[in-house]
Structures are given as structure tokens and as C-alpha cells.
Amino acid sequence: SDSRFLASMLLIYAGRYGVQSATDESLRLFERAEALASSVGDLPLSTEALCQLAVQELGANRTDHARARIERARRQLLEISTVSSDLRWACARAEARVAKMLDGRPDKAMAILARTRADFERQGDRSSSHYTSVLRSIAGEQMDRGELVQALELLRLSGRVHELNGRGSTVARLQDWQ
């Protein structure tokens with residue numbers, strides 16, 4: 001009966017369905033999570049759902065929907081006083097993908113990711129899995145640009161962060177090695 005709790009759980013399930021390429025189910029759950037969060041006035045949760053929904057919609061080639069979600073999320077972010085690392089990463093990831101995939105601006109995507117990394121570092125959040133996701137995403141952009149030495153250094157840093165924080169045997173750590 002707790003709509004906030006249910007919306008949070010739906011975000012988790014939607015993400016899991018997305019990882020398994022069950023796109024329709026993932027989209028349905030993200031939309032339901034966003035509607036619930038909006039209905040109870042939970043702006044951070046609603047915004048996170050919008051950003052995650054935009055990423056999933058890009059993968060499903062629903063580009064008009066993705067752009068509209070990002071625009072709404074941007075407006076909502078301005079109203080949130082404290083942005084969690086979950087929300088920061090969800091929206092930065094979505095913004096970077098929109099910049100690269102829809103706008104054809106890999107430079108803008110890189111700038112968004114670099115700014116997000118700086119935000120994490122400025123706030124002393126260098127141990128979270130979201131921080132390592134940012135590092136891995138920047139490394140991916142660097143690989144696309146042929147900046148292999150820089151990408152390797154970021155992946156090594158990400159790996160050290162995982163190791164130092166007890167995540168040495170996780171899938172994310174394996175992705176760094178890969």
C-alpha cells in the first residue's frame with residue numbers, strides 16, 4: 001500500500017527486465033513507477049524513472065518519447081534540492097545517450113560524463129558503483145575516439161575502486177577487465 005516503496009521496487013524490476021532485453025515489460029514497469037512517483041509527489045523518484053525510461057526508450061528506438069522524457073526530467077531536476085547518486089547517474093547516462101544517439105554529439109556526451117565524474121569527485125563519492133559506471137562510460141567514449149591509453153587508465157581506476165570497496169568479484173569488475 002506504500003506507493004513510494006512500490007515505485008522504488010518497480011524501478012528495480014524494470015531495470016532487471018531491461019538488462020534481460022525484455023524491453024516491453026521494462027518500459028511498462030518504468031512507466032508505472034513514474035506514474036506512481038508522480039501521484040505521490042516524489043519528484044526525485046519520478047525524475048529517476050523518467051531518466052531510466054528514456055534510456056530504455058532509446059534502446060527500443062522510441063526516440064520521440066525518449067527526448068520528451070529527458071526534457072521533463074531536466075525541468076524536474078531544477079526543482080530538486082539534493083540529488084542522490086542514483087538520480088545523478090540515471091539522468092547523466094540518459095542525457096549522454098540522447099546527446100550521442102539522437103543529436104549526433106559525442107563531444108556533448110563526453111562533456112556530460114566528465115561533468116558527472118567531477119560532481120561525484122567534488123562530493124567525495126569515489127566509492128559508489130555509480131562512480132565506476134561513469135568511469136566506464138567515459139572509457140567507452142575514449143575507446144570510440146581511439147584514445148586507448150586514457151581509456152585503459154580509467155578502467156584500471158574503476159577496477160581499483162571496485163577492489164577497494166569489496167566489489168572485486170562482481171560483474172562490473174569483470175567488465176573493467178574485459
Side-chain angles (χ1 to χ4, degrees), residues 1-99 101-102 112-113 116-117 119-120 123-137 140 158 161-162 164-176 178:
S1 64
D2 183 340
S3 294
R4 282 185 174 89
F5 175 77
L6 180 57
S8 295
M9 292 298 100
L10 289 171
L11 281 180
I12 292 169
Y13 282 118
R16 297 292 179 244
Y17 276 107
V19 168
Q20 296 173 0
S21 299
T23 305
D24 291 340
E25 186 64 13
S26 178
L27 289 168
R28 187 181 71 73
L29 293 175
F30 276 132
E31 287 172 343
R32 187 166 170 220
E34 197 285 316
L36 274 171
S38 290
S39 75
V40 295
D42 191 325
L43 201 55
L45 193 57
S46 168
T47 306
E48 183 178 348
L50 286 169
C51 289
Q52 290 195 40
L53 186 53
V55 168
Q56 194 66 33
E57 286 175 330
L58 284 171
N61 206 26
R62 291 173 56 179
T63 56
D64 290 342
H65 294 283
R67 190 178 299 279
R69 307 271 191 206
I70 285 297
E71 291 302 323
R72 186 167 157 220
R74 281 184 190 137
R75 289 190 302 274
Q76 288 182 195
L77 272 170
L78 296 173
E79 298 176 39
I80 300 170
S81 57
T82 304
V83 177
S84 71
S85 65
D86 288 343
L87 179 54
R88 185 178 321 125
W89 172 236
C91 289
R93 179 177 170 229
E95 291 246 24
R97 288 197 179 179
V98 165
M101 295 172 68
L102 295 186
I112 291 165
L113 294 170
T116 304
R117 177 187 181 186
D119 288 346
F120 274 99
Q123 294 179 4
D125 188 359
R126 295 175 187 230
S127 61
S128 74
S129 61
H130 295 306
Y131 176 67
T132 56
S133 293
V134 171
L135 295 177
R136 220 172 18 263
S137 293
S158 178
V161 171
H162 283 301
L164 289 171
N165 292 285
R167 297 188 305 268
S169 60
T170 62
V171 170
R173 177 61 175 116
L174 179 61
Q175 289 171 331
D176 293 337
Q178 192 177 15

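Computed from a prediction, not measured in an experiment: that's the story for all the values here.
Within 6.0 Å of CG on D2 lie more than 12 heavy atoms contributed by other residues, nucleotides or ligands.
A salt bridge is defined here as a Lys NZ or Arg NE, NH1 or NH2 lying under 4.0 Å from an Asp or Glu carboxylate O, and E25 with R28 meets this definition.
For R93, there are no salt bridge (charged side-chain N to carboxylate O under 4.0 Å, His left out) partners at least two apart in sequence or on another chain. With sequence neighbours left out, T47 forms a side chain to side chain donor-acceptor pair (under 3.5 Å) with Q76. For the side-chain contact (heavy atoms from CB on, under 4.5 Å) test, residues two or more places apart in sequence or in another chain that qualify with H65 are E57, R62. With sequence neighbours excluded, the residues that form a salt bridge (charged side-chain N to carboxylate O under 4.0 Å, His left out) with E34 are R72. In this view, R117 and E121 satisfy the side chain to side chain donor-acceptor pair (under 3.5 Å) rule, not counting sequence neighbours. By the salt bridge (charged side-chain N to carboxylate O under 4.0 Å, His left out) test, R32 is found to be paired with no residue, residues two or more places apart in sequence or in another chain being considered. For R97, there are no salt bridge (charged side-chain N to carboxylate O under 4.0 Å, His left out) partners at least two apart in sequence or on another chain. Residues passing the side-chain contact (heavy atoms from CB on, under 4.5 Å) test with A35: none are found, sequence neighbours excluded. With sequence neighbours left out, N165 forms a side-chain contact (heavy atoms from CB on, under 4.5 Å) with S127, V161, R167. Shown here are the side-chain contact (heavy atoms from CB on, under 4.5 Å) partners of R74, two or more places apart in sequence or in another chain: I70, E71, E95.
Note that OG1 of T23 is 5.0 Å distant from CD of Q56, once rounded to the nearest 0.5 Å. Distance check, rounded to the nearest 0.5 Å: CD1 of I80 to OG of S46 gives 8.0 Å. With rounding to the nearest 0.5 angstrom, the CD atom of E48 is 10.5 Å from the CG atom of L77. The CG atom of L43 lies 8.0 Å from the OG atom of S38; values are rounded to the nearest 0.5 Å. Rounded to the nearest 0.5 angstrom, T116 OG1 and R88 CZ are separated by 8.0 Å.
Contact between T132 and S158 at its shortest, heavy atoms only, is CB-OG, 3.3 Å. Here the closest heavy-atom approach between residue V134 and residue F120 is recorded as CG2-CE1, 3.8 Å. Considering every non-hydrogen atom in both A94 and A54, the closest pair reads CB-CB, 4.4 Å. Contact detail for I112 and A99: the closest heavy-atom pair is CD1-CB, 4.2 Å.
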### Query
Are R69 and Q52 close enough, and set up right, to give a side chain to side chain contact (heavy atoms under 4.5 Å, CB included), and what steps lead you there?
CA-CA 9 Å; R69 307 271 191 206; Q52 290 195 40; over 6 Å; no
Show me the donor-acceptor pairs, under 3.5 Å and distance only, between side chains in residues 3-12 and residues at least two apart or in other chains.
| residue | atom | partner | partner atom | Å |
| --- | --- | --- | --- | --- |
| R4 | NE | D42 | OD2 | 3.3 |
| R4 | NH2 | V40 | O | 3.1 |
| S8 | OG | R4 | O | 3.1 |

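Pairs engaging residues 30-93 under the disulfide bond (SG atoms under 2.5 Å apart) rule: C51-C91 [sequence neighbours left out].
Listed for the S26 side chain is a donor-acceptor partner under 3.5 Å among the backbone atoms of A14.
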